[in-house]
Structure formats: C-alpha cells, structure tokens
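Predicted, not measured: the structure shown is a model, and the values here were computed from it. Counting from 1, the numbers follow the sequence of the chain as shown. All values below come from the heavy atoms of this structure, side chains included, with hydrogens, waters and symmetry mates left out.
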Amino acid sequence: IGESSNVSYSEVACDESTCPERRVGHSAVLDPDNKVLYMYGGSKGIKWYSDVHALDLTTWKWQKLETKGAAPCRAYHSCSFFRQELLVFGGIFPEPDPEPDGSSNDLFICSLSEQNWYKPVVTGDMPLPRSGHSACRVGHHLFILGGWDYPLFFDDLFSLDLELMDFKKVTTTGAAPSARTWQGMADVPDQRLLVYGGYSGEVALNDAYILDVASSSWTTVKVDAPILSFPARVGHSLTALPESEDGTSHLLICGGGDNDGKFFSDAIVVKSDEL
C-alpha cells in the first residue's frame, strides 16, 4: 500500500463500433448500484461533445444515451452522480464556435431515468465561472473547490445543497489549500474531503489537505504520509475505493503529469488512515 507496484492493468475488449470517440476534458462517474460508468462531454481539436455514454461494467458494452433537451457542450467541467442524475458544473464551452472563449458557471442536470437534460433554478452564492475545478459529494451537499478562468486561479470552496439547490460559499478555518487547478478531490471516512496536488499557475503541487465537513476546518496531511512521497502531479484522478472486507478504506491515484512535459502512467493505492 502506498506503492504503484501493487496495481496491475488489463485491457478490456470492447465493441469498437459502440465505443465513444476519442477525446480529452471529458468526465466519467460511477453508478455503484447498477455497476454502470457514465461518460460525458469533452473535446477533440475543434470538435466539442455533449453526448452521454454508458459502460456496463459487467458486460463491458458501451451504449450511447439518446437524450432529450438542450445538452451543453462542455470540457474540463465537473460531473457528479446523485440519485440517478448527472450534475454538470462549469467547464469550458465553445463560444464563438468552435474556439473556446471562456468558462461557465452553469449547472446542468441529466436525468438518467428520463434521459433528459434540464437546467435547474439555483439560488445563493454562485461560484465565478471556472474550469479545472474539482467537485465531490458528501451526503446531499456537493462541494466545489478551486479551478481557474485565466488569468484567475481560485482557492474558494462552495457547497451546493442538492435538495434546496442553493449555493453557499464556505467559510473555513485552518490551513487551507492555496489557489490551484487540475487537483484531485475525494471523500474519505468520517465526512471528510481530501485534496491532493494540482497546478498553482507556476508549478505542479504534491501537497495534500483534509477538510472536516462538519466543522469546515482544514488540516494539512502529516508530512510522513505516503501520499506525499510521490512526484507532484496535475490532472490526475483521485478516487475513493469501496471499503474492504476488514473495514479498511483506500484511495486510488492514477496518472496525471508534471505540467512540464512528463506524463505518469502509474496507479497508486494509499490507505485513508495513513493521511
């Protein structure tokens, strides 16, 4: 644990005729109950996507959802899964088409049961437009951290109440993460959020912070934590893994780069209680 050598990859054979087109800046979220991975959006060159694809993790077959409503074209957004809906916030959009001309702070929702897009009425303290932010849900609250809208880099934290659809800028205490984009964020036990890595606007980062959601207080990860022993990285994924049979919780860090021409193909597993 805490090393990349204990993780192995195997290639899964999928039907090429149903695979989504290659792209970057898309999002992927898991429906754990139905064992389905949903992929949305992204871009490739001057082409932008608003499609939703579902990968059945038992058969490894892709299916493109034929959605209704005005699906947004977004890349480098966040996408979260809640009660059979995809919640898409922010990201870059093509304006004027096809060149990107800024970032969004819109919230769009795709109902998976109805296969329909809609834009909810949202109140409260709206975050400024941004991309490259991170979003993570704890209970019925969606937390959004950081990101950028060049030349601005953000260090703010927002909470969206998914029952009231009301945004609140969270006032925190303790040593908070500095402004950054392309960081990873994941939930860890005891209603906490872990933030790891990212890009400061100058360098890749390998620091880590934990937010106690109940008290809105930040703490830095202890200096000897295994997660801090790996190279600084940007644009990686950080995922909370299902709890093991002995009750141990783990996190998976995958890929990313150093923002200086080097890309990582490693997969790292760390114990949540070693943070």
Side-chain angles (χ1 to χ4, degrees), residues 1-4 6-9 26-40 55 57 77-89 132-147 157-160 162 170 172 176-177 180 182-198 205-222 225-230 233-256 264 266-275:
I1 300 299
E3 298 181 355
S4 57
N6 68 329
V7 179
S8 61
Y9 286 101
H26 54 285
S27 55
V29 294
L30 176 67
D31 174 355
D33 295 330
N34 295 308
K35 295 182 172 56
V36 175
L37 184 76
Y38 291 97
M39 192 193 82
Y40 158 75
L55 176 63
L57 299 179
H77 52 277
S78 64
C79 183
S80 307
F81 180 83
F82 181 62
R83 294 177 180 172
Q84 291 301 308
E85 291 187 322
L86 303 180
L87 290 79
V88 174
F89 176 79
H133 53 282
S134 49
C136 191
R137 183 178 62 83
V138 178
H140 64 274
H141 287 88
L142 182 68
F143 290 87
I144 295 173
L145 173 76
L157 176 70
F158 291 84
S159 171
L160 174 62
L162 297 175
V170 181
T172 62
R180 64 191 62 206
W182 314 124
Q183 68 277 354
M185 185 163 74
D187 61 311
V188 292
D190 302 321
Q191 289 203 318
R192 298 178 300 159
L193 293 174
L194 170 70
V195 175
Y196 170 64
L205 304 167
N206 76 333
D207 52 359
Y209 300 81
I210 291 178
L211 176 74
D212 183 283
V213 171
S215 63
S216 298
S217 60
W218 287 103
T219 55
T220 54
V221 169
K222 53 190 179 183
I227 196 172
L228 299 182
S229 65
F230 300 100
R233 64 189 64 211
V234 176
H236 51 286
S237 61
L238 176 63
T239 307
L241 299 177
E243 189 176 274
S244 60
E245 292 183 358
D246 62 1
T248 305
S249 297
H250 298 86
L251 296 156
L252 174 66
I253 304 165
C254 185
F264 302 113
D266 51 359
I268 303 164
V269 177
V270 295
K271 288 183 177 179
S272 297
D273 61 6
E274 293 180 347
L275 298 173

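Heavy atoms only, all atoms of each residue included: His236 and Gly197 are closest at CE1-CA, 4.0 Å. In terms of heavy-atom proximity, Arg233 sits nearest to Phe264 at CB-CE1, 3.8 Å. Counting all heavy atoms, side chain and backbone alike, Gly132 lies closest to Gln183 at O-OE1, 4.1 Å. The two residues Val195 and Trp218 have their closest heavy-atom pair at CG2-CH2, 3.8 Å. Counting all heavy atoms, side chain and backbone alike, Val188 lies closest to Ser272 at CG1-OG, 4.2 Å. Taking every heavy atom of both residues into account, Asn206 and Leu228 meet most closely at O-CD2, 3.0 Å.
Summarising the geometry, atom CZ belonging to Arg192 is positioned 11.0 Å from atom OG belonging to Ser215; distances are rounded to the nearest 0.5 Å. In this structure, CG on Leu211 lies 8.5 Å from OG1 on Thr219, to the nearest 0.5 angstrom. Taking CD of Glu85 as the start and CG of Leu162 as the end, the distance is 9.5 Å to the nearest 0.5 Å. Separating the OH atom in Tyr209 from the CG atom in Leu275 is a distance of 14.0 Å, to the nearest 0.5 Å. For the atom pair Phe230 CZ and Asp266 CG, the distance stands at 8.0 Å (nearest 0.5 Å). One distance of note links NE2 of His250 with CG of Leu252; it measures 11.0 Å at 0.5 Å rounding.
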Sequence neighbours excluded and cut-off under 3.5 Å, please list the side-chain donor-acceptor pairs for residues 28-35, or say none.
| from | atom 1 | to | atom 2 | distance (Å) |
| --- | --- | --- | --- | --- |
| Asp31 | OD1 | Asp33 | N | 3.3 |
| Asp31 | OD1 | Asn34 | N | 3.3 |
| Asp31 | OD2 | Asn34 | ND2 | 2.8 |
| Asp31 | OD2 | Gln84 | NE2 | 3.0 |

Scan the side chains in residues 135-147 for donor-acceptor partners under 3.5 Å anywhere in the protein, sequence neighbours excluded, and list what turns up.
| from | atom 1 | to | atom 2 | distance (Å) |
| --- | --- | --- | --- | --- |
| Arg137 | NE | Phe81 | O | 3.4 |
| Arg137 | NH1 | Gly139 | O | 2.7 |

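For Asp207, the salt bridge (Lys or Arg N to Asp or Glu O under 4.0 Å) partners at least two apart in sequence or on another chain are Arg180. In this view, Tyr40 and His77, Trp117 satisfy the ring pair (Phe, Tyr, Trp, His ring centres under 6.0 Å) rule, not counting sequence neighbours. Every side chain to side chain contact (heavy atoms under 4.5 Å, CB included) that Asp273 has, sequence neighbours left out, goes to Lys271. Shown here are the ring pair (Phe, Tyr, Trp, His ring centres under 6.0 Å) partners of His26, two or more places apart in sequence or in another chain: there are none.
Under the 4.5 Å side-chain criterion, counting only non-hydrogen atoms from C-beta, Ile210 is not in contact with Asp212. In this structure, Leu251 and Thr239 have side chains that are not in contact, with every pair of non-hydrogen atoms separated by 4.5 Å or more. Between Val36 and Leu57 there is no side-chain heavy-atom pair separated by less than 4.5 Å.
Around CD of Glu243, the count of heavy atoms belonging to other residues, nucleotides or ligands within 6.0 Å exceeds 12.
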